[in-house]
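Residue numbering restarts at 1 for every chain, and letters A, B, ... go by the order of the sequence lines.
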Amino acid sequence: MPDLPLIRNFDPGARFAVRAGRAISVEEFLGEARALAEMLPDRRFLVNLCADRYRFAVGLVAALLRRQVSLLPSNATADSLTRLGVEYRGVYCLGDGAAPSAIESFPYPQLSIGKGGAGPIPLIPEAQLAAIGFTSGSTGWPTPHPKTWRSLAGSGLAEFERLGLDEHRGMSLLATVPQQHMYGLESSVLMVMQGGLAMHSGRPFFPADICSELQGLPRPRALVTTPVHLRVLLAEASDLPKVDFLLCATAPLSPQLATEAESRFGAPLHEIYGCTEAGQVATRRPARTHKWQLLPGIALHQDYRGTWARGGHVETDVLLSDVIELCGQDTFELHGRTTDLVNIAGKRTSLANLNFHLNSIEGVRDGAFVMPEEEDGTVTRLTAFVVAPGLSGDAIIAALRSRVDPVFLPRPICLVDFLPRNETGKLPRAALDDLVARFTAKAGWH
Amino acid sequence: MTPPSNTLTDEELKLAELIVTTLNLETPASDIDPTAPLYGEGMGLDSIDILEIALAISKAYGVKLRSDDEQNRHIFTSLRSLNQHIQQHRAK
């Protein structure tokens with residue numbers, strides 16, 4: 001079984017990270033990862049909740065060295081960690097913030113490294129189970145998607161090569177996305193490890209923070225972000241720092257927003273299309289083309305159920321949840337998601353899953369979530385229609401809050417006497433649209 | 001300076017109105033408790049909302065919110081603390 005290097009494309013002494021203005025060399029990074037590996041408890045699974053991107057990477061590598069598997073839940077609510085604790089016995093949490101009470105916690109320790117940092121680059125067996133991503137199923141229990149080291153390393157390397165980042169050797173990379181999310185893991189951690197780049201350890205939030213942190217990084221430098229952040233950055237900041245590369249994902253970007261971002265940041269903007277199950281699948285430069293190009297090795301095929309991806313770092317057949325039109329050997333167009341899927345700010349679930357949770361609340365007789373149409377870069381919120389005599393909207397929201405990610409909480413929640421179900425018990429889309437129209441007219445929205 | 005009451009001052013009401021309009025909230029601005037937490041329980045806002053509010057505040061008051069300043073947690077404790085932060089930093 002062949003082994004694959006933990007990191008690639010770094011020159012000796014090159015920076016691996018920038019943390020609080022200080023450069024951390026690739027040797028120091030490996031030294032810390034080896035030191036942490038020796039300290040981790042003897043378990044099979046961990047949840048790496050480190051908020052500091054560099055510490056997250058140290059934790060990921062330490063786990064790999066110990067053959068432990070990093071679990072990537074879609075959120076870290078108490079409910080979701082408790083469920084992981086049931087399914088993955090002995091799972092512990094590696095974190096650098098407040099310890100969750102739902103599972104055992106191992107706080108990120110103070111690490112002392114001797115001269116042992118130098119040494120050969122570790123090799124990891126390609127078939128080693130490295131991580132498990134999770135999507136929400138329709139029954140309230142998350143569905144696991146295992147990733148081998150071959151898949152993770154291959155994804156980071158394929159992205160680096162596709163985006164042509166070899167021309168910006170050792171580029172610094174600042175990300176506004178969480179590293180526990182598939183897009184953040186691939187683009188801000190794995191691509192850095194496989195492409196010899198340098199990660200900024202933080203995750204700035206407000207536009208003013210993002211601009212000043214970018215300004216503090218040497219060129220060449222890149223920004224890895226989402227349509228939500230991009231839109232706010234373009235709207236708020238009058239003076240954007242120049243960068244050399246822009247990367248965006250989680251929701252399709254309009255050509256107008258992409259073109260404005262390219263001209264004001266002075267850099268090409270590339271977009272990634274992917275999902276937790278497959279990881280990244282394709283890229284495009286939306287200012288130039290609306291067609292997506294598959295990453296090397298990945299092929300699509302279609303049958304009556306939809307479009308499947310396989311090949312390259314995608315190790316099993318993955319059914320994509322979007323309507324896709326194949327254009328050529330390795331290009332395609334996206335025509336929106338298949339109806340049941342909900343994607344809000346990069347967090348994904350299905351209406352079936354949300355309806356399941358809504359209807360499991362005591363006192364709710366019937367209820368349905370509705371996803372309104374999305375606009376570019378703005379975040380659309382869900383609406384829920386609920387039949388629950390005796391319950392207030394606030395009480396339903398409070399009950400939902402402990403069950404689902406906050407981005408999916410309905411806004412507004414509309415209490416009704418009954419839902420317009422047809423004789424087969426289904427809710428026709430047209431009847432729901434009517435209901436939405438009546439409620440929005442009443443609330444005086446546009 | 002401001003008495004710890006649950007009544008909105010005029011300044012606070014203006015900020016509450018800005019938040020309600022920006023986020024399309026159903027709650028009337030005058031019903032917002034200035035001492036209730038903005039995040040999670042209380043007003044029930046999440047980080048995407050906070051980003052939208054930050055943009056609206058920057059446009060309306062010329063104050064750019066920063067999170068690397070130590071006070072950040074405190075600022076978003078409540079509408080009252082957010083308003084105090086804005087008033088302290090707005091262009092005089």
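Atoms CZ and CG, from A:R231 and B:L51 in turn, are 8.0 Å apart once rounded to the nearest 0.5 Å.
More than 12 heavy atoms of other residues, nucleotides or ligands sit less than 6.0 Å from atom NZ of B:K64.
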### Task
Give the intermediate values and the outcome of side-chain contact (heavy atoms from CB on, under 4.5 Å) for residues B:L65 and A:E236.
CA-CA 11 Å; B:L65 299 178; A:E236 183 182 308; over 6 Å; no
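Residues satisfying the side chain to side chain contact (heavy atoms under 4.5 Å, CB included) criterion with A:V177, sequence neighbours excluded, are A:A175, A:Y183, A:V224, A:T226.
In plain terms, the two heavy atoms of A:S212 and B:R66 that are nearest each other are OG-NH2, 3.1 Å.
Contacts with chain B were tallied for A:I344, A:I397, A:D394, A:V232; A:V232 has the most, counting heavy-atom pairs under 4.5 Å.
For A:I413, the part lying near chain B is the backbone, with the side chain staying farther off; criterion is any non-hydrogen pair under 4.5 Å.
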